[in-house]
There are 2 protein chains.
Amino acid sequence: MSAQTGDSISTLGPCGSCGQCLHCEARSRSICSVIDAEHMARLAQYSHRLAVAAGRTFIQEGETASDFFIVTSGHVKLFALMPDGRRQITGFAQTGDFLGLASGATYAFSAEALGALSLCRFSRSGLTLLRREFPELENRLMEEASRELVQAQKRMLLLGRKTARERLASFLLEQHHLLPAREITLRLPMSRTGIADYLGLTIETVSRTLNALQREKLITITQVTQIVLLNLPALENLARGG
Amino acid sequence: MSAQTGDSISTLGPCGSCGQCLHCEARSRSICSVIDAEHMARLAQYSHRLAVAAGRTFIQEGETASDFFIVTSGHVKLFALMPDGRRQITGFAQTGDFLGLASGATYAFSAEALGALSLCRFSRSGLTLLRREFPELENRLMEEASRELVQAQKRMLLLGRKTARERLASFLLEQHHLLPAREITLRLPMSRTGIADYLGLTIETVSRTLNALQREKLITITQVTQIVLLNLPALENLARGG
DNA sequence: GTGTTGCCTTGATCCATGTCAAACCTGCTT
DNA sequence: AAGCAGGTTTGACATGGATCAAGGCAACAC
């Protein structure tokens with residue numbers, strides 16, 4: 001019930017008191033979609049809205065995994081670090097995505113807000129209670145886990161076996177598929193460093209490869225973070241290693 | 001009930017008729033461990049034992065994901081392929097491991113028996129019924145999915161950011177941790193090709209790097225598939241990129 | 001014994017990508 | 001407008017692993 005000010009993350013307040021879950025922008029895309037409107041109050045009782053400042057790391061790899069999150073707006077970067085600073089981004093999350101499945105007793109990854117971000121937080125025990133009360137959640141959580149695992153297999157193939165060109169093509173198409181209307185103009189939510197750490201490359205290679213793709217008329221780089229896909233079939237062929 | 005002879009995989013017979021689940025070698029290590037002995041008959045009703053010949057690919061990436069499996073004995077190689085033959089092994093499975101979580105409508109990976117293998121098969125619908133009947137299964141399946149996801153994050157870091165030496169050190173330690181008694185003598189269940197495809201390297205690099213580690217007295221290669229870890233702390237340090 | 005077959009190792013060379021360094025933007029501050 | 005500061009591009013060069021090619025070794029067949 002307490003508003004927990006002084007927390008390192010600012011708490012906007014418990015949903016329970018204001019019925020936020022019912023009007024949640026992320027509801028239809030998140031695991032909460034399996035729960036009827038009439039039960040929203042129960043759901044709200046176990047969840048809290050948070051605002052996270054851009055750039056803040058709100059999950060630290062290795063810390064006790066006591067909370068789970070749903071992204072309600074904004075973008076999140078999930079990553080693992082090596083002691084010398086090498087970074088591997090394991091995924092990006094956006095509105096509706098569930099965070100925390102890849103955890104045992106501790107988180108297996110860190111998570112950082114890419115821009116202004118709002119989250120919905122569930123405690124481990126709260127989620128356990130909700131799962132008991134709404135068994136439909138189980139299926140939805142398993143689906144979420146399956147989706148993530150499928151995604152992980154693809155990333156392993158990309159990181160282990162694809163060339164820089166193939167990685168970039170795969171990446172651009174992935175971003176394309178995330179777009180609701182499948183626009184061919186992409187607005188990338190991350191910098192070159194982000195792309196490099198996602199694809200297991202350096203920023204220089206990312207830059208050079210994107211320019212090479214532009215020279216070959218597969219894409220146009222209109223702005224640094226805006227790219228138009230000119231030749232989808234060719235990109236798809238490249239992405240699969242053809 | 002039918003024995004389904006003529007199947008491409010030989011069926012040893014339904015568990016339901018012989019109470020195999022009760023005496024299953026894999027029970028204590030698998031998701032089945034959450035079900036009481038008194039309910040084994042129900043479990044057996046929805047599962048079938050299979051024997052798979054060495055080398056056989058019994059799950060094909062892209063095929064309809066109609067079944068789930070538990071490994072009851074032997075080792076399995078899980079992998080993804082590119083059209084030109086590049087292969088990335090995404091994991092190995094052994095006794096007790098659950099196969100099939102990384103699937104939507106179709107399997108996201110292929111699976112091959114590394115040696116003689118026996119499996120327990122569940123149909124998708126059978127598993128759905130079992131989950132309904134034994135809700136404890138849900139927790140266990142989520143645990144299994146979490147474990148796999150944690151593992152996947154580690155592999156992405158390895159494939160995206162580690163050097164050949166670091167990959168081999170990580171691999172040897174992973175094999176070491178899989179051993180029940182943490183012996184320092186490893187018997188690898190796969191060939192150099194298997195190691196290479198697992199680590200995103202070529203067989204030549206695997207061979208050279210293992211020999212380099214031997215020259216540096218971190219390991220001894222007693223036989224091609226048998227390796228003794230001489231200096232665990234140094235290997236651990238190497239694996240984490242120190 | 002002598003092929004034969006299927007790994008595995010070793011050596012020589014190549015090249016895709018990393019590293020290092022400088023120049024170039026773009027937006028922001030004063 | 002001049003000066004930063006942070007990110008991006010570009011160039012020159014280095015190198016870790018890949019590739020190509022031989023040779024070694026063990027298991028098995030005849």
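Proteins come first, then strands; the chains are lettered A, B, ... in the order of their sequence lines, and each starts at number 1. Computation of the quantities below employed the complete heavy-atom set of this structure, encompassing side-chain atoms and omitting hydrogens, waters and symmetry-equivalent molecules.
Of the residues in residues 211-229 of chain A, those placing a heavy atom less than 4.0 Å from an atom of DNA chain D are Asn211(A), Val224(A), in numerical order. For DNA chain C, none of the residues of residues 81-94 of chain B falls under the heavy-atom distance limit of 4.0 Å.
Of the possible donor and acceptor atoms, one in the side chain of Arg161(A) sits under 3.5 Å from a partner among the backbone N and O of Leu201(B). For Arg167(A) (side chain) and Leu199(A) (main-chain N/O), a donor-acceptor pair under 3.5 Å exists by modelled atom type. Put simply, the side chain of Ser103(B) gets close to the backbone of Gly100(B): a donor and an acceptor are under 3.5 Å apart.
Partners of Glu216(B) under the salt bridge (Lys or Arg N to Asp or Glu O under 4.0 Å) rule, at least two apart in sequence or in another chain, are Arg165(B).
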Would you mind writing out the side-chain donor-acceptor pairs for residues 168-178 of chain A within the sub-3.5 Å range, not counting sequence neighbours?
unit_1, atom_1, unit_2, atom_2, d
Ser170(A), OG, Lys162(A), NZ, 3.0
Ser170(A), OG, Glu166(A), O, 2.7
Glu174(A), OE1, Tyr198(A), OH, 3.3
Glu174(A), OE2, Tyr198(A), OH, 2.4
His176(A), ND1, Glu183(A), O, 2.8

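Asp97(B) and Arg29(B) are not joined by a salt bridge, as no carboxylate oxygen comes within less than 4.0 angstrom of a charged side-chain nitrogen. Between Lys154(B) and Glu61(A), no side-chain nitrogen of the basic residue sits less than 4.0 Å from a carboxylate oxygen of the acidic one, so the salt-bridge criterion is not met.
Using a 4.0 Å cutoff to heavy atoms of chain A, the contacted part of DNA chain D runs 5' to 3' from dT8(D) to dA12(D).
Atom-to-atom distance recorded for Glu144(A):CD and Ile31(A):CD1 is 7.5 Å, nearest 0.5 angstrom.
Taking the six-membered ring for Trp, Phe79(B) and Phe109(B) have ring centres at least 6.0 Å apart.
Rounding to whole angstrom units, CZ of residue Arg192(B) and P of dT10(C) are separated by 11 Å.
Considering Leu50(B), Thr95(B), Thr72(B) as possible partners of Ser118(B), the one that fulfils the side-chain contact (heavy atoms from CB on, under 4.5 Å) test is Thr72(B).
Across Thr90(A) and Arg155(A), no two heavy atoms sit closer than the pair O-NH1, 3.3 Å.
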Checklist outcome for this item: Counting primed atoms, P, OP1 and OP2 as sugar-phosphate and everything else as base, the B/S/- map of nucleotides 14-29 of chain C against protein heavy atoms under 4.0 Å is ---SSBB---------
Next on the checklist: If you apply the rule ring pair (Phe, Tyr, Trp, His ring centres under 6.0 Å), what do you find for Phe98(B) with Phe68(B), and how did you get there?
Outcome noted: CA-CA 7 Å; Phe98(B) 189 89; Phe68(B) 297 94; 5.8 Å; yes
